[in-house]
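The structure under discussion appears below in the form of structure tokens.
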Number of protein chains: 2
Amino acid sequence: MADSNKQKSGAKQILNSSSQRVTAQRTLLLELLRQSDEHLDADELYQQARKRNFRISLSTVYRNLQLFKKLGLVEEHHFAEEHHHYEVKPEAEHQHLLCLNCGKIVEFACPLSQKFREDIGKQYDFHITGVDVRMTGLCSTCCKKKI
Amino acid sequence: MADSNKQKSGAKQILNSSSQRVTAQRTLLLELLRQSDEHLDADELYQQARKRNFRISLSTVYRNLQLFKKLGLVEEHHFAEEHHHYEVKPEAEHQHLLCLNCGKIVEFACPLSQKFREDIGKQYDFHITGVDVRMTGLCSTCCKKKI
DNA sequence: GTTAATGCAAATGTTTTGCAGTATA
DNA sequence: TATACTGCAAAACATTTGCATTAAC
């Protein structure tokens, strides 16, 4: 409860400070994104949002995901070939490990990526703003199944 | 000329050995992919192919890109949000550095990614088959422009 | 001659957009 | 009250698929 209020006011504050209107839909979407510990795609978020506001539309979801992305509130990933997944921007940088069989996603810390970043930035004269490391393979369960 | 023949026979050999038919379209597409030093998307490849075979269709391009991917001849990347890019599978592993402003892509070697791979694989009990490191930012030119 | 590959057109699935109505500041 | 946001439907976009024709084996 206290937690939920904190979240709500957090969202409100962020939207206000960037002179975006605080609408019921935006608050709901941000709340759902924060609550979720998975990486949601637009439709999954839409389905969840509908449970609490059956009039919300998919375009609103898309429009707001873009807004959140622009405001730096969520990150967009391209795990699946077909569509995007979103997660609230994490405090600590982390990378992803993806099982190609069951789709499980594991997050892992990658402190070395900071050093990488500096080295590569210097070497190619780039101002680097993001590092994305993705490893793919089979998780232990799928590996044992010998698919 | 000798080079072109080598390429053609290479393609032919690969297609033959996997009991795929060697068609003019496949030979052309593989040749274009190998010649290109950029990362092409399906439509760019289609446009280039049309210059040499005006009857080729976009579905053939898509179908064959999938085939090439399955045969391990090309790699698929998701640089842009909207659609996929392809490059012939490189001899040496390399990673990508992407300018968010002009779209320039720089390839860089990343020998550390092998060590990463082992560490993370052990830690999370994954059988890792691929490592993809992507850094994003601004290239020196775009950085100077102060966009 | 068989069968796989192609070209075309139509279908699919995700994402975007135009516009009239609604809610926020 | 002014205007940004929403919902809806239609459009746009990349990609896939069904089917008759063509070409490789």
Side-chain angles (χ1 to χ4, degrees), chain A residues 8-9 11-32 39-71 73-74 76-86, chain B residues 8-9 11-32 39-71 73-74 76-86:
Chain A
K8 272 183 198 163
S9 60
K12 196 165 182 173
Q13 195 184 314
I14 289 161
L15 291 170
N16 268 327
S17 68
S18 48
S19 61
Q20 304 295 331
R21 293 193 173 169
V22 179
T23 67
Q25 292 89 332
R26 284 177 179 172
T27 310
L28 172 57
L29 291 174
L30 272 176
E31 212 182 312
L32 289 172
H39 300 73
L40 297 170
D41 63 31
D43 196 64
E44 282 164 353
L45 182 56
Y46 172 57
Q47 296 306 337
Q48 290 199 19
R50 270 164 72 94
K51 288 180 195 161
R52 293 227 238 142
N53 173 353
F54 70 94
R55 296 211 59 200
I56 198 170
S57 80
L58 187 52
S59 12
T60 297
V61 173
Y62 273 108
R63 273 190 280 236
N64 283 317
L65 279 173
Q66 299 237 92
L67 175 69
F68 299 159
K69 199 170 53 163
K70 222 178 285 172
L71 295 179
L73 297 175
V74 301
E76 193 179 63
H77 297 288
H78 310 90
F79 297 125
E81 321 288 77
E82 325 79 39
H83 52 219
H84 306 151
H85 285 78
Y86 300 84
Chain B
K8 272 183 197 165
S9 60
K12 196 165 182 174
Q13 196 185 314
I14 289 159
L15 291 171
N16 268 327
S17 68
S18 50
S19 62
Q20 304 295 330
R21 292 192 175 169
V22 179
T23 67
Q25 292 89 333
R26 284 178 180 171
T27 311
L28 173 58
L29 292 174
L30 272 176
E31 211 180 315
L32 290 172
H39 299 74
L40 298 169
D41 64 29
D43 196 64
E44 283 163 352
L45 182 57
Y46 172 58
Q47 296 305 336
Q48 290 199 17
R50 270 164 73 93
K51 287 179 196 161
R52 293 226 239 142
N53 172 354
F54 70 94
R55 297 211 59 200
I56 199 170
S57 80
L58 187 53
S59 10
T60 297
V61 173
Y62 274 109
R63 273 191 281 237
N64 283 316
L65 279 173
Q66 299 238 92
L67 176 68
F68 299 160
K69 200 171 52 163
K70 224 179 283 173
L71 296 179
L73 297 174
V74 300
E76 194 179 63
H77 298 288
H78 309 90
F79 297 125
E81 322 287 77
E82 325 81 38
H83 53 218
H84 306 151
H85 285 77
Y86 299 85

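In what follows, chains are A, B, ... by sequence order, proteins preceding strands, each numbered from 1.
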- Task: Determine whether the aromatic ring centres of B/H78 and B/H84 lie less than 6.0 Å apart.
- Result: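 Close enough - the centres of the two rings lie under 6.0 Å apart.
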
5' priority, DNA chain D, between B/A42 and A/A24 [closest heavy atom]: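 Residue closer to the 5' terminus by nearest nucleotide: A/A24.
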
Any side-chain N or O of [X] less than 4.0 Å from the OP1 or OP2 oxygen of [N]?
| X | N | value |
| --- | --- | --- |
| B/H84 | D/dA14 | no |
| B/Y62 | D/dT16 | no |
| A/Q66 | C/dT15 | no |
| B/R63 | D/dT16 | no |
| B/Q20 | C/dA5 | yes |

Rounded interatomic separation in angstrom, taking [atom1] from [X] and [atom2] from [N]:
| X | N | atom1 | atom2 | value |
| --- | --- | --- | --- | --- |
| B/Y46 | D/dT16 | OH | P | 16 Å |
| B/L45 | D/dT15 | CG | P | 12 Å |
| B/L40 | D/dT15 | CG | P | 13 Å |
| B/L15 | C/dT6 | CG | C1' | 15 Å |
| B/Q25 | C/dA4 | CD | P | 17 Å |
| B/D43 | D/dC13 | CG | P | 11 Å |
| B/F68 | C/dA5 | CZ | P | 11 Å |
| A/L65 | C/dT15 | CG | C1' | 11 Å |

Distance from [X] atom [atom1] to [Y] atom [atom2], nearest 0.5 Å?
| X | Y | atom1 | atom2 | answer |
| --- | --- | --- | --- | --- |
| B/D41 | B/Q47 | CG | CD | 9.5 Å |
| B/L65 | B/H85 | CG | NE2 | 11.5 Å |
| B/Y86 | B/H39 | OH | NE2 | 13.0 Å |

| query | With sequence neighbours excluded, what pairs up with A/R50 under the side-chain hydrogen bond (donor to acceptor under 3.5 Å, both in side chains) test? | reply |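 Testing A/R50 for side-chain hydrogen bond (donor to acceptor under 3.5 Å, both in side chains), a comparison that skips the adjacent residues, returns A/Y46.
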
Is there a side-chain contact between [X] and [Y] in this structure, where contact means two heavy atoms from C-beta onward sitting under 4.5 Å apart?
| X | Y | result |
| --- | --- | --- |
| A/T23 | A/T60 | no |
| A/I56 | A/L29 | yes |
| B/L67 | B/R26 | yes |

Protein-nucleotides 21-23 of chain C N/O pairs closer than 3.5 Å?
none

_Nearest heavy-atom neighbours spanning B/R21 and B/L15_ =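 Heavy-atom minimum between the residues: O-CD1, 4.2 Å.
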
_Any base atoms under 4.0 Å from A/N64, or only sugar-phosphate, or nothing? Heavy atoms, all strands._
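The answer is sugar-phosphate, as A/N64 gets under 4.0 Å only of primed atoms, P, OP1 or OP2.
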
Is there a residue in residues 47-59 of chain A whose heavy atoms reach under 4.0 Å of DNA chain C, and which residues are they?
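Only A/L58, A/S59 qualify.
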
